[in-house]
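All ligand and atom numbering here is 1-based and tracks the order in the structure. Note that the structure is a prediction, hence the values are computed from the model and not measured.
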Amino acid sequence: MQDKNKTNVAVFVSGSGSNLQAIIDAKIEPANLAVVLSNKHDAYAIERAKKHKISVEIVNHKDFETREGFEKEIIKRLDKYGIELIVLAGFMRVLTPYFVGKFKNRIINLHPALLPSFPGMHAAKQALDYGVKYAGCTVHFVDECVDTGAIIIQAVVPVENDDTEDTLLEKIHKEEHRIYPEAVKLFCEHRLHIEGRRVFIRS
Ligand code: GRF
């Protein structure tokens, strides 16, 4: 049911959905988790959504010849939910400027590195191979490019000598599950204020 005091949120997924789970578990008071949208019919995240009685929409990108066609269908599906915030949680499609423009400053993403270091795929491996002493994760607004939008929250984890990609990712995921719900909450409380590249958190 829609509640006009709450922010209607769509979570976009493609895979396991552990961050979706963290957002569900956080029971963010000012957020209404209106819909989970997946581009993959077998994403485990869909099970998590169904278990919590959240509506699910599946739009397979392979059914469309162009990215714009795919995105137009997404926009059509979202229409009935009155979405105010889109949360990308392991959504493995790059959104075009067309889509980003429709939801300007209303799409957030989570990246498993301390941006602007290590954008793109396999960020934890990139960090480990580079030899950094600290890694982490970043929640940011989505702009027209990949992993470049204004930064909302970051969390840092130390890299130990015996870390592998898996152990480092485990530490990063733990922080992701803490900061992503926090960022969603701040957005829904209307406490995020963007000035150029800087995001200020109002108290
Ligand atoms: C996370 O590590 C996030 O940083 C990246 O995709 C992963 C999604 O994991 N963007 P999950 O599907 O939420 O478990």
Side-chain angles (χ1 to χ4, degrees), residues 9-28 31 33 35-52 54 56-61 74 85-96 99-100 103 106-130 132 134-159 163-187:
V9 178
V11 184
F12 285 16
V13 298
S14 301
S16 127
S18 69
N19 283 286
L20 166 67
Q21 190 67 54
I23 291 166
I24 293 170
D25 292 345
K27 297 187 178 21
I28 301 163
L33 298 184
V35 61
V36 167
L37 182 136
S38 177
N39 66 315
K40 296 206 163 166
H41 69 89
D42 57 352
Y44 184 63
I46 295 171
E47 305 308 314
R48 299 183 194 265
K50 285 184 176 164
K51 192 166 168 217
H52 291 273
I54 302 170
V56 171
E57 298 285 347
I58 300 170
V59 185
N60 185 347
H61 59 280
I74 293 179
L85 171 66
I86 294 175
V87 176
L88 306 183
F91 183 63
M92 299 304 285
R93 305 303 298 168
V94 173
L95 296 168
T96 70
F99 189 92
V100 173
F103 291 91
R106 290 188 291 139
I107 309 174
I108 62 174
N109 183 46
L110 174 65
H111 183 73
L114 293 172
L115 290 171
S117 294
F118 314 120
M121 300 292 286
H122 310 296
K125 182 169 187 311
Q126 289 186 53
L128 207 54
D129 291 349
Y130 194 91
V132 296
Y134 292 93
C137 47
T138 303
V139 182
H140 63 92
F141 282 104
V142 173
D143 66 8
E144 288 72 20
C145 301
V146 176
D147 299 331
T148 54
I151 291 171
I152 302 169
I153 309 182
Q154 293 185 301
V156 176
V157 302
V159 180
D163 265 327
T164 61
E165 186 184 356
D166 283 348
T167 59
L168 181 56
L169 264 176
E170 203 177 307
K171 286 190 271 190
I172 291 172
H173 285 323
K174 207 167 158 205
E175 289 303 302
E176 288 185 343
H177 299 161
R178 182 177 68 77
I179 66 171
Y180 215 12
E182 180 61 25
V184 172
K185 182 166 181 274
L186 289 169
F187 184 99

Could you walk me through whether Phe91 and Val13 satisfy the side-chain contact (heavy atoms from CB on, under 4.5 Å) test, starting with their C-alpha distance in whole Å, then the side-chain angles of each, then the deciding distance to 0.1 Å, before giving a yes or no?
CA-CA 4 Å; Phe91 183 63; Val13 298; 5.8 Å; no
Lys40 NZ: over 12 foreign heavy atoms closer than 6.0 Å:
no
Neighbour list for ligand 1 [protein residues, heavy atom under 4.0 Å]:
Ser16, Gly17, Ser18, Asn19, Gly90, Leu110, His111, Pro112, His173, Glu176
side-chain contact (heavy atoms from CB on, under 4.5 Å) between Phe187 and Val9, worked out:
CA-CA 10 Å; Phe187 184 99; Val9 178; over 6 Å; no
Tell me which one of Asn19, Ile107, Ile23 satisfies side chain to side chain contact (heavy atoms under 4.5 Å, CB included) with Val87.
Ile23
Atom pairs and distances, donor-acceptor, side-chain atoms in residues 115-128, under 3.5 Å, two or more places apart:
| unit_1 | atom_1 | unit_2 | atom_2 | d |
| --- | --- | --- | --- | --- |
| Lys125 | NZ | Asp129 | OD2 | 2.7 |
| Gln126 | NE2 | Pro119 | O | 2.9 |
| Gln126 | NE2 | Met121 | O | 2.8 |

side-chain hydrogen bond (donor to acceptor under 3.5 Å, both in side chains) with His173: which of His177, Glu170, Glu175, Glu176?
Glu176
